[in-house]
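Presented below is the structure to which this report refers.
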Amino acid sequence: MGSTGYEDELNEHGLQTDGDRLRHSSLSAANRGRARSDVSGDATSSGTPMVPRTLQGRRFSKLDTSLHPQNKIKLEQNVVEVKTEAFIRAFLYPSSPLDEHDPVMKRDLLLAVDCHKLLQERCSDNEVLMPILADTGCPKYSEGAFTLLDATREENLYTPFRKLLTFINTFHRVSLGNQPMPFDIDAAWPAAVDPKPGAPANTTEFTGSLRRDFFDTSDVKAKFSPRFGRQTPNVKPDLVLMLHHKKDPNKKQTSVYWKDVKVPIELKRNFNSERDIILQVSIYTRAILMEQFDRKFVITVSLSATQCRLFHWDSVGCHATEKIDIHHNPILFIRCIARLAMMTPAELGYDEHFSNAGRALSDEKITTTLTIRESPIQQDLDRAPGSVAMLPNAVNSRLLELDTEHVLCGSNGELFHRYTRVWSGKEILDAMTWETGPSRVVKQTWAKDTRPCEGYFYTLTKKIPAVSSLLIMEECDRTWAYHNRVADRDVIGYLKTTGSKPDRQPRAEEVEQPGGDLSTFSPDPEYKPNPLEQSAHSTLNTSSIPAGSVERVLLRFLFEEEYQPLSKAENSRQVMNATVEWIEGLIELDRQGIVHGNISFNNLMLPAIQPKSGPSKVAKVIDLSLAHWKETQGGDEPTSGSPCVSPGVLEALLNNQRSIPEDLSTTGARTPRAHHHITGTLPFIALDLIDQLEDASDTEFIEHALRHDVESVFWVLVYLCHVQAGPLGTKRMLASLGGLTSNDIHGVSCQKFVILHDHKHLPTIRGKFSKLRGFLEAFASYYRACYRAHQSIDVFTVRDIAIEHRDKLAEDERKNPTPASVQRPALMTAPGPTATVDSPKRKLGVHEDSSSNGEGAMEELEDDGSNPRKKTKLP
């Protein structure tokens, strides 16, 4: 199994990936012994994605085996090996203090010793344990090894391992229940209860605690919820730790749902092909993240006849234990397996802001509520790792009933990404009577802590009618909360997932250098010595975080109302009215010093439908997740709304310095230029930007300005006309749609040049929105005039053109009114995405969740470095 597809926020500069800078304390040591990778990444500390996305493909296409090579690249330098004991402290006991004398860890260690002893003695006076020990199919521990683990065939390992894990789980459940102070390991997993008054407790009429047991699912295709449709990937985890209340782990399962899987386990005969094992467990991780919207991170296990390894996956990267020899170190192996079956929902990554987090079973239909507590909004996300524990108790708290069956934007489970999800929901005014208020929109995303705060942009746009209105924002969690528990000295290296090099690359301290002096060895020219190198578990402060490090903050936004998608447009006049409002909204954003940076089909919305009065008055521009401050040294014109930048920063920027030290910026400001990259969705990106992308050197600055966003509106309308043409669409239109939606950057550039410069192209538009031709032809004519004069388009001129054609359509409709009911034609289907193109230049990637309303699922792109007007013969 593999990734949502396109590489997460890679850039054309060919530098680091997110995993290269997972965190200062755990990854800087791992990366220190290597040069920068050619597998692109973020060139600056900004965290702004630097390349385009293509349109969303089939939701599950990124789980197909044909894309495994791309998924392996995605994993490269994102899986970091740490010492096993450090992993256990940090990720298996996240609620415990970092103390070797932690009583819970000590208790579990003693239980593991006793469990191992029983496996040696093969007898017990406990009526629950003895039948398992008496089972000849359950491995025992004899002569320094577990029995029955036959490595000749993988299939021979399923049943013995399932029985061994079941015994370990049962032993701990029984032993903890028989202690002087009994402890029920299932107490933290009560059956889900519908929060809605009057609703049944659950559909199964079961009360009490749920159980977690290990199941053999090697012959069962794991299923997704019905909301994903019928086309789901054929993914079969070998073993799973699954939540249930009536299943028998000794019986073969006929069905298993990803919603019920807590820990997936991949089983192999040996670890000789561990790259494939890591790829497979990453697929399980992504399947869980796709299905379980209340999950913040995932723990997976790989097993062989002799070894074991645990993985912790979150939105930034993956940490892995060392290989555990299960025969030579059985107690450590037992500790790890037992702990997985004893963890609480929160410790397994479930977000308890959601009702019944992690406890709603796949066969239950239960109302889901979400509590959002208001956090103060600042211009930049706080980089202090400890601040997540010091968030103020918010006075303003909202309770929402979410519509989880009809997600406005669902994450495809892209690894190391933002996992953006958007729901509609009703605000609950009284939880006792379940009185509901107006409909709201909830957006959830893991934002990079180096980016400007999206919520701050909304505070500046409250008076702009064409921008969505934010009610409250909450900072919920930070990846620092997990990563800061791993010390530098516990980092071993990163696991290789591609190529033929060893599975683990050594850290700098392990590399023998000429002269024997490791203190001055630094293969990375940007590496700076870590001042906390000798500190075991120091609490990192903001000043110790390097500019290149990457962490993420879990943000939730509550928006005032839901708007209509552009796909629901009824006629050309409605679209032209919205077009004028979109352009005016972008101009108003620019006056506030903000560049949207991600205008696409799904980020331009029609007015909301009001229950009584029909459509509201203003169309909306949504999703400021990739917005950035306007570059004041260039662009359309300076604005007073742009944040100030100190002269030292500007001097460094003009000298093409890749990362700007935090202390050079003025208080509360980030450098605008650090975020000026080519962002957005490929069919809608301005042609000028695509050409710059093809021609730019690896360090060249590319400005994304207002005029580019306004041109993107034109491309959205072109796409709308083509995709909604239905049976009236011509062959030329179908070919154009295929060209625009290709994942070949050069091909898209060529197609856009043809549309703008070929006088015969736009007049061929037919179908439902054929009346938009007038505006599209007028824009193309104006664009050609500017092109010949070597000038940029003027956004106010474009707005005036839009107003003129809006008024013309209104006058035409007044003279010739159309019938109230018009049958909606079928959508024109574009050809599927092309295969990845090999490139001698640099790799490009795109990311999944840039749009807050459903765009995503990209594949890796390759830039062939060509210019359409240089190498392509135009028709």
Side-chain angles (χ1 to χ4, degrees), residues 111-177 185-186 211-220 222 236-244 246-254 256 260-270 300-310 324-342:
L111 286 174
V113 172
D114 292 341
C115 181
H116 177 242
K117 184 177 180 181
L118 276 187
L119 288 170
Q120 289 179 299
E121 297 175 350
R122 309 184 189 187
C123 64
S124 172
D125 56 2
N126 186 279
E127 59 183 10
V128 177
L129 297 177
M130 192 57 212
I132 305 177
L133 288 173
D135 184 352
T136 57
C138 179
K140 312 299 186 296
Y141 193 82
S142 176
E143 298 181 356
F146 286 102
T147 62
L148 303 180
L149 300 183
D150 180 11
T152 56
R153 294 184 61 194
E154 181 180 317
E155 293 78 6
N156 296 343
L157 296 172
Y158 296 149
T159 298
F161 261 121
R162 198 269 305 163
K163 292 184 176 182
L164 175 59
L165 302 188
T166 296
F167 175 78
I168 294 172
N169 183 21
T170 306
F171 172 85
H172 284 77
R173 176 178 280 107
V174 170
S175 299
L176 289 171
I185 67 175
D186 297 319
R211 287 178 58 95
R212 286 155 296 155
D213 285 297
F214 292 95
F215 291 85
D216 178 358
T217 55
S218 56
D219 293 332
V220 184
K236 299 178 180 179
D238 297 328
L239 303 175
V240 296
L241 177 65
M242 187 163 62
L243 186 70
H244 69 101
K246 60 181 179 181
K247 295 182 182 292
D248 184 356
N250 295 312
K251 294 182 179 180
K252 277 281 187 180
Q253 299 304 305
T254 58
V256 59
D260 302 329
V261 174
K262 305 306 162 188
V263 179
I265 301 173
E266 175 67 5
L267 209 156
K268 296 292 184 185
R269 292 189 305 112
N270 53 57
T300 62
V301 180
S302 62
L303 273 176
S304 75
T306 59
Q307 294 175 314
C308 171
R309 195 194 289 272
L310 278 68
I324 302 171
D325 191 315
I326 65 175
H327 299 296
H328 293 167
N329 203 341
I331 294 176
L332 179 59
F333 168 66
I334 293 171
R335 283 177 61 199
C336 292
I337 296 300
R339 182 58 189 166
L340 293 175
M342 293 191 291

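Along the sequence shown, residues carry numbers from 1.
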Within the distance-only criterion (no hydrogens, no angle test), does the side chain of [X] pair as donor or acceptor with the backbone N or O of [Y] below 3.5 angstrom?
X: His327; Y: Phe146; answer: yes
X: Gln253; Y: Lys251; answer: yes
X: Asn169; Y: Ala341; answer: no
X: Thr217; Y: Pro237; answer: yes
X: Arg212; Y: Leu241; answer: no

Got a sec, which residues hit side chain to side chain donor-acceptor pair (under 3.5 Å) with [X], two or more places apart in sequence or on another chain?
X: Asp216; answer: Ser218, Lys252
X: Lys140; answer: none
X: Ser304; answer: none
X: Asp186; answer: Arg173

Would you list the pairs meeting ring-ring contact (aromatic ring centres under 6.0 Å, His included) in which at least one residue belongs to residues 112-136, sequence neighbours left out?
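Sorted pair list: His116-Tyr141.
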Reported CD1-to-CG distance for the pair Ile337 and Leu303, which is rounded to 0.5 angstrom:
5.5 Å
Rounded distance (nearest 0.5 Å) linking atom CD of Gln307 with atom CG of Asn329:
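Reported to 0.5 Å precision, the distance equals 12.0 Å.
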Might you work through the side-chain contact (heavy atoms from CB on, under 4.5 Å) test for Lys268 and Ser302, ending with a clear yes or no?
CA-CA 8 Å; Lys268 296 292 184 185; Ser302 62; over 6 Å; no
Minimum-distance pair of heavy atoms, taken over all atoms of [X] and [Y]:
X: Cys138; Y: Phe167; answer: SG-CB, 4.4 Å
X: Leu111; Y: Ser175; answer: CD2-CB, 3.7 Å
X: His172; Y: Ile334; answer: CE1-CG2, 4.0 Å

With sequence neighbours excluded, what pairs up with [X] under the side chain to side chain contact (heavy atoms under 4.5 Å, CB included) test?
X: Arg269; value: Glu154
X: Asn250; value: Arg162, Asp248
X: Asp150; value: Thr152, Asn156
X: His328; value: Asp325

For Glu266, which of Asp238, Val301, Thr300 qualifies under side-chain contact (heavy atoms from CB on, under 4.5 Å)?
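When Asp238, Val301, Thr300 are each tested with Glu266, the side-chain contact (heavy atoms from CB on, under 4.5 Å) holds only for Asp238.
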Does Cys336 form a side-chain contact (heavy atoms from CB on, under 4.5 Å) with Ile324? I'd like the steps, not just the answer.
CA-CA 10 Å; Cys336 292; Ile324 302 171; 4.0 Å; yes
Tabulate below the donor-acceptor pairs under 3.5 Å that side-chain atoms of residues 117-134 make, not counting sequence neighbours, or state none.
unit_1: Ser124; atom_1: OG; unit_2: Asn126; atom_2: N; d: 3.1
unit_1: Asn126; atom_1: OD1; unit_2: Val128; atom_2: N; d: 2.7
unit_1: Asn126; atom_1: OD1; unit_2: Leu129; atom_2: N; d: 3.1

Looking just at side-chain N and O atoms, do Asp260 and His244 make a donor-acceptor pair shorter than 3.5 Å?
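No, no side-chain donor-acceptor pair sits under 3.5 Å.
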Is Ile265 close to Phe214 at the side-chain level, that is, under 4.5 Å between some pair of heavy atoms?
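Yes. Closest side-chain heavy atoms under 4.5 Å.
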With a 4.5 Å limit on heavy-atom distance, are the side chains of Leu157 and Leu149 in contact?
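SC-SC contact between Leu157 and Leu149 confirmed.
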Taking only residues two or more places apart in sequence or in another chain, which ones pass ring pair (Phe, Tyr, Trp, His ring centres under 6.0 Å) with Phe161?
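Expected list: none.
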